[in-house]
Trainee: 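I have a structure here, written as structure tokens, and I will follow up with some questions on it.
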Protein chains: 2
Amino acid sequence: MLNNYSKEDKVLLAVDCIIFGFDKDKLKILLIKRDFEPEKGKWSLIGGFLKKEENLDDAANRVLNHLTGLDEVYLEQFFTYSEVDRDPEERTISVAYYALINIEDHDQELIEHYSAKWFTIDKIPNLIFDHNEMVDQAIKRLQYRASTKPIGFELLPEKFTMRQLQKLYESILDTDLDKRNFISKINALDILIKLDEKDMESSRKGSYLHMFDKEKYDKKTHEGFIFKI
Amino acid sequence: MLNNYSKEDKVLLAVDCIIFGFDKDKLKILLIKRDFEPEKGKWSLIGGFLKKEENLDDAANRVLNHLTGLDEVYLEQFFTYSEVDRDPEERTISVAYYALINIEDHDQELIEHYSAKWFTIDKIPNLIFDHNEMVDQAIKRLQYRASTKPIGFELLPEKFTMRQLQKLYESILDTDLDKRNFISKINALDILIKLDEKDMESSRKGSYLHMFDKEKYDKKTHEGFIFKI
DNA sequence: GCTATAAGTGTTAATTATACACTTCCAAAG
DNA sequence: CTTTGGAAGTGTATAATTAACACTTATAGC
């Protein structure tokens, strides 16, 4: 193809994906053992190359679906990494995304097939290339986003207890929260449905289950409501 | 070159740059009349293609320096645009940056040479491709960043009045601020140096000039201080 | 029926944000 | 010399939000 741009350099464009999951009371990310060179055998984010006929969101979804079997997952692009030597094999620019998944949902067989493993975010191993930097930035972005949009629910089962929600925010924000203050803040938002059902796993008394009321949230947002934790 | 990646598609990677300036009491951006096809003659952001031997920050700096003659300008990458047909000429992915410059500083001749023009942000014309979307997102990112980091000063001359600073934040945040509340907030931050010098342009009484005390800000930040407006 | 354990629940104090109006200064006009 | 116009500069009171804090309740398991 000959056109106005034809003398310009082309590059490989990858997407890399930080997959967050929330297990009991820990925020975790899913990593794979890389099975090809360079850096074969090292821990890595999942990634793949952008194809001609797709945009970056599509590519990130495709890559994520390969590993987890999941579709329609929350994904947010957050930064593009471009150091000249970041990949020793060949000049590659990588667009980083993070994904939020319900850790109970993904395809266990696929995970094993890729030798993937969950790591708590305070014990991330050394990763290839600039992937550790990507993880750090993904956590920062997640902290900001989770404070301003109701995306935390993506990491929880459909029905969850207030305590689970609190633990989730504590692990995302890396801080301790006061139980009473947290609950009254959440209640003031008025975007949850409290069920009659109780979760009996965590205590003898049991703990009421809640659901995120997306319709109500959308309606309130439309009327000017701003989510803030 | 033959390697593990050799069957993957390559793409053109561009950088596009939203250049913000602050003129009197208006936030503006600098646009150029595009002088090549496609979309020749239409208003556009400045941009250019990534070269083999540079990273994206370098490319953005290069592109910005071409148009303004400026160097060491505040630049932040904020999003990568990848719709398949965003550029009708050829598949091009674009990484968007915004820049903050002191509007008095740039090279007037270069601006004229490129038929560039400043537009206030509430009167942006129709731009090529997805550039209007880029501008909208740049403004949002600037609003967030200016609330959490002392980057506003990049848009002002070295010496500025409190009123200029207030007008700047008003135009960035697109809101009115109370003069007394604003000043006491800024004073509470304790990161400005008040000079004995006055600016006599704007009133008969004159208005004290201030400077951003970067050293003090860095020291305070190191000690846990968090900038917040 | 006793016990151990997490769930659930309100009030007060402290901090932060908002609302609001008059005086001062000085160049320019007369 | 006096007057005037216009922006600069300044403080307090109220409202809203956030932070600190401890006891009772429910129930499964022994």
Side-chain angles (χ1 to χ4, degrees), chain A residues 23-26 143 146-148 156-157 159-211 220 224-229, chain B residues 23-26 143 146-148 156-157 159-211 220 224-229:
Chain A
D23 191 13
K24 302 269 189 298
D25 56 356
K26 296 279 190 211
Q143 288 177 339
S147 307
T148 53
L156 294 172
K159 300 173 182 181
F160 51 85
T161 67
M162 277 291 191
R163 187 49 48 95
Q164 283 175 288
L165 188 62
Q166 183 184 344
K167 292 281 180 202
L168 172 65
Y169 274 97
E170 287 180 334
S171 56
I172 290 176
L173 303 175
D174 191 24
T175 184
D176 286 339
L177 299 171
D178 178 273
K179 161 166 81 157
R180 277 171 293 189
N181 291 340
F182 180 77
I183 290 175
S184 45
K185 205 169 201 172
I186 297 293
N187 284 336
L189 294 175
D190 186 29
I191 52 172
L192 295 189
I193 299 165
K194 183 174 180 175
L195 306 175
D196 280 335
E197 216 173 323
K198 278 186 165 186
D199 167 73
M200 301 306 290
E201 299 290 303
S202 61
S203 75
R204 311 205 163 158
K205 184 176 179 179
S207 159
Y208 282 105
L209 289 166
H210 301 255
M211 291 175 68
K220 292 183 68 155
F225 165 75
I226 293 173
F227 179 93
K228 188 87 200 33
I229 285 190
Chain B
D23 190 14
K24 302 268 190 300
D25 56 355
K26 297 277 190 214
Q143 288 177 339
S147 306
T148 53
L156 293 172
K159 301 173 181 181
F160 51 85
T161 67
M162 278 290 191
R163 187 47 49 97
Q164 283 176 290
L165 188 63
Q166 184 186 342
K167 292 280 180 203
L168 172 64
Y169 275 97
E170 287 180 335
S171 56
I172 290 176
L173 303 175
D174 191 24
T175 184
D176 286 339
L177 299 170
D178 178 272
K179 155 165 86 158
R180 278 170 292 188
N181 292 341
F182 180 78
I183 289 174
S184 46
K185 205 169 200 172
I186 298 293
N187 284 335
L189 294 175
D190 186 29
I191 51 172
L192 295 190
I193 300 166
K194 183 175 181 175
L195 306 175
D196 278 336
E197 216 173 325
K198 279 187 165 185
D199 166 73
M200 301 306 291
E201 299 290 303
S202 60
S203 74
R204 308 197 169 164
K205 184 176 179 179
S207 158
Y208 282 105
L209 289 165
H210 301 255
M211 290 174 68
K220 292 183 67 155
F225 166 75
I226 292 173
F227 179 93
K228 187 88 198 38
I229 284 191

Trainee: Report the residues that fulfil side-chain contact (heavy atoms from CB on, under 4.5 Å) with A:Y208, sequence neighbours left out, ordered by chain and then residue number.
Mentor: A:K194, A:K198, A:H210
Trainee: Nearest-Å distance, CZ (B:R163) to P (D:dG6)?
Mentor: 15 Å
Trainee: Between B:I229 (CD1) and C:dT16 (P), how many Å, whole number?
Mentor: 16 Å
Trainee: What is the distance from CE of A:M162 to C1' of C:dA6, rounded to the nearest Å?
Mentor: 16 Å
Trainee: I need the CD-P distance between A:Q166 and C:dA7, as an integer number of Å.
Mentor: 9 Å
Trainee: What is the distance, to the nearest angstrom, from the CG atom on A:L209 to the P atom on C:dA7?
Mentor: 12 Å
Trainee: Within the 4.0 Å limit for protein heavy atoms, which parts of nucleotides 18-28 of chain D are touched? Write it as a string from 5' to 3', B for base, S for sugar-phosphate only, - for none.
Mentor: -BBBB--BBBB
Trainee: Can you check whether A:T161 has a side-chain N or O nearer than 4.0 Å to OP1 or OP2 of C:dA7?
Mentor: no
Trainee: So does B:S184 get a side-chain nitrogen or oxygen closer than 4.0 Å to the phosphate oxygens (OP1/OP2) of D:dT10?
Mentor: no
Trainee: With sequence neighbours excluded, tell me which residues meet side-chain contact (heavy atoms from CB on, under 4.5 Å) with A:T161.
Mentor: A:R163, A:Q164, A:D199, A:S207, A:L209
Trainee: Distance check needed: C:dT18 C1' versus B:L177 CG, whole Å only.
Mentor: 12 Å
Trainee: Run through A:I226, A:D190, A:L189 and flag the one making a side chain to side chain contact (heavy atoms under 4.5 Å, CB included) with A:K220.
Mentor: A:D190
